Amino acid sequence: MAATGKFIHASTHTGLSIALTNAYVAGAQRQLVPLYANSPGLVGNSKGIARLQALYVHVNTIAAGCTSLTVRLTRDAAGNEPFIGDTTATLSTGITTATQGAITVKIDVDYVHTDANLYVHFKTNSATCTVDQVELTWEE
């Protein structure tokens, strides 16, 4: 019998060093997020059919004045085909290390496309920080 129910997956990218400013920079301030990066055995659903759940972004070297991030998920690397429009969230900084922090954005939207790749674009509200981890969770 085939498996039934919900299956949660994640496309996790660590060890990044993406320097952010307060404007989108298409060639520099983005990260490719292929849905199947951490699920290579999923071939029957390789057409980008998923329910996007949440986007987690961890940053470090947060400069004074940088209090929030704006993120956008697009179908193209240039950022011209937004799938999830600009979403701004306040950075939750570390309790003992205020120069590290993260945002989590709940998405909860269906994604059906012939390409299972998405790009996340970032910018700050002010000042700078560095993205070091991105995780997109999704369900099939």
Side-chain angles (χ1 to χ4, degrees):
M1 180 188 323
T4 60
K6 295 180 181 181
F7 300 93
I8 306 297
H9 306 279
S11 181
T12 304
H13 308 275
T14 60
L16 305 174
S17 183
I18 304 169
L20 303 186
T21 62
N22 63 351
Y24 285 121
V25 180
Q29 293 180 191
R30 70 167 190 249
Q31 175 63 39
L32 171 64
V33 183
L35 295 184
Y36 300 100
N38 300 106
S39 306
L42 295 176
V43 294
N45 191 17
S46 61
K47 293 291 185 195
I49 301 168
R51 182 153 193 88
L52 305 179
Q53 293 297 312
L55 176 67
Y56 170 81
V57 179
H58 186 271
V59 297
N60 61 39
T61 60
I62 300 172
C66 179
T67 59
S68 66
L69 295 182
T70 300
V71 294
R72 170 189 295 193
L73 280 171
T74 69
R75 292 177 170 161
D76 69 317
N80 296 323
E81 296 178 34
F83 186 73
I84 302 296
D86 289 4
T87 304
T88 301
T90 301
L91 280 165
S92 293
T93 56
I95 293 173
T96 60
T97 307
T99 57
Q100 291 188 35
I103 64 165
T104 302
V105 177
K106 181 155 178 62
I107 301 170
D108 197 30
V109 69
D110 292 329
Y111 180 70
V112 180
H113 199 260
T114 56
D115 184 355
N117 290 330
L118 290 169
Y119 294 83
V120 59
H121 298 261
F122 324 85
K123 68 178 180 176
T124 66
N125 66 311
S126 173
T128 61
C129 66
T130 302
V131 173
D132 59 10
Q133 180 178 345
V134 174
E135 183 173 326
L136 178 65
T137 58
W138 56 279
E139 166 186 304
E140 65 171 324

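All figures in this text were calculated on a predicted structure; none of them were measured in a lab.
- Between the OG1 atom of Thr12 and the CD atom of Glu135 there is a distance of 3.5 Å, given to the nearest 0.5 Å.
- Following chains of ILVMFWY side-chain contacts shorter than 4.5 Å, one can reach Val57 starting from Ile107, so the two form part of one hydrophobic cluster.
- Between Trp138 and Ala10, the shortest heavy-atom distance links the atoms NE1-N, 4.2 Å.
- Residues satisfying the side-chain hydrogen bond (donor to acceptor under 3.5 Å, both in side chains) test with Gln29, not counting sequence neighbours, are Thr21.
- Every residue was checked against the side-chain hydrogen bond (donor to acceptor under 3.5 Å, both in side chains) condition with Thr124, not counting sequence neighbours, and none meets it.
- Connection of Val33 to Val105 is established within a shared hydrophobic cluster, with ILVMFWY side chains joined at heavy-atom distances below 4.5 Å, either directly or through further cluster members.
- Residue Tyr119 shares its hydrophobic cluster (ILVMFWY side chains chained together at separations under 4.5 Å) with Leu32.
- Here Tyr24 pairs with nothing under the ring pair (Phe, Tyr, Trp, His ring centres under 6.0 Å) rule; sequence neighbours left out.
- We find the NZ-OG1 distance between Lys106 and Thr137 to be 8.0 Å, quoted to the nearest 0.5 Å.
- Within 6.0 Å of atom CD1 in Ile8, more than 12 heavy atoms from other residues, nucleotides or ligands are found, so the atom counts as buried in its surroundings.
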Item to check | Criterion side chain to side chain contact (heavy atoms under 4.5 Å, CB included) on Val131 and Val120, from CA distance to verdict | outcome: CA-CA 11 Å; Val131 173; Val120 59; over 6 Å; no

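- Pairs engaging residues 11-29 under the salt bridge (charged side-chain N to carboxylate O under 4.0 Å, His left out) rule: none recorded [sequence neighbours left out].
- For Thr87, there are no side-chain hydrogen bond (donor to acceptor under 3.5 Å, both in side chains) partners at least two apart in sequence or on another chain.
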Checklist entry - Does the pair His9 and Glu139 meet the rule for a side chain to side chain contact (heavy atoms under 4.5 Å, CB included), with working shown? => result CA-CA 6 Å; His9 306 279; Glu139 166 186 304; over 6 Å; no

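- In terms of the side-chain contact (heavy atoms from CB on, under 4.5 Å) criterion, residue partners of Ala78 (sequence neighbours excluded) are, by chain and number, Asp76, Asn80.
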Output side-chain donor-acceptor pairs under 3.5 Å for residues 58-71, partner residues at least two apart or in another chain, one line each.
from: His58; atom 1: ND1; to: Asp132; atom 2: OD1; distance (Å): 2.7
from: His58; atom 1: ND1; to: Asp132; atom 2: OD2; distance (Å): 3.4
from: Asn60; atom 1: ND2; to: Asp132; atom 2: OD2; distance (Å): 2.8
from: Thr61; atom 1: OG1; to: Thr130; atom 2: OG1; distance (Å): 3.0
from: Thr67; atom 1: OG1; to: Asn125; atom 2: ND2; distance (Å): 2.9
from: Thr70; atom 1: OG1; to: Thr88; atom 2: OG1; distance (Å): 2.7

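- Residue pairs meeting the salt bridge (charged side-chain N to carboxylate O under 4.0 Å, His left out) criterion with at least one partner in residues 49-63, sequence neighbours excluded, are Arg51-Asp108, Arg51-Asp110.
- Within the model, atoms CD1 of Ile84 and CG of Leu55 stand 9.5 Å from one another, a figure rounded to the nearest 0.5 Å.
- Every residue two or more places apart in sequence or in another chain was checked for a side-chain contact (heavy atoms from CB on, under 4.5 Å) with Ala19, and none qualifies.
- His13 and Ser11 are linked by a side-chain donor-acceptor pair at a separation below 3.5 angstrom, with hydrogens and angles left out of the test.
- Taking the side chain as every heavy atom from C-beta outward, Lys123 and Asn22 never approach each other to under 4.5 Å.
- Between Ala89 and Ile103 the shortest heavy-atom distance is O-CG2, 3.8 Å.
- Listed by first then second residue, pairs satisfying salt bridge (charged side-chain N to carboxylate O under 4.0 Å, His left out) with a partner in residues 80-94 read Arg72-Asp86, not counting sequence neighbours.
- Annotation: ring-ring contact (aromatic ring centres under 6.0 Å, His included) contacts involving residues 83-103, sequence neighbours excluded, comprise Phe83-Tyr111.
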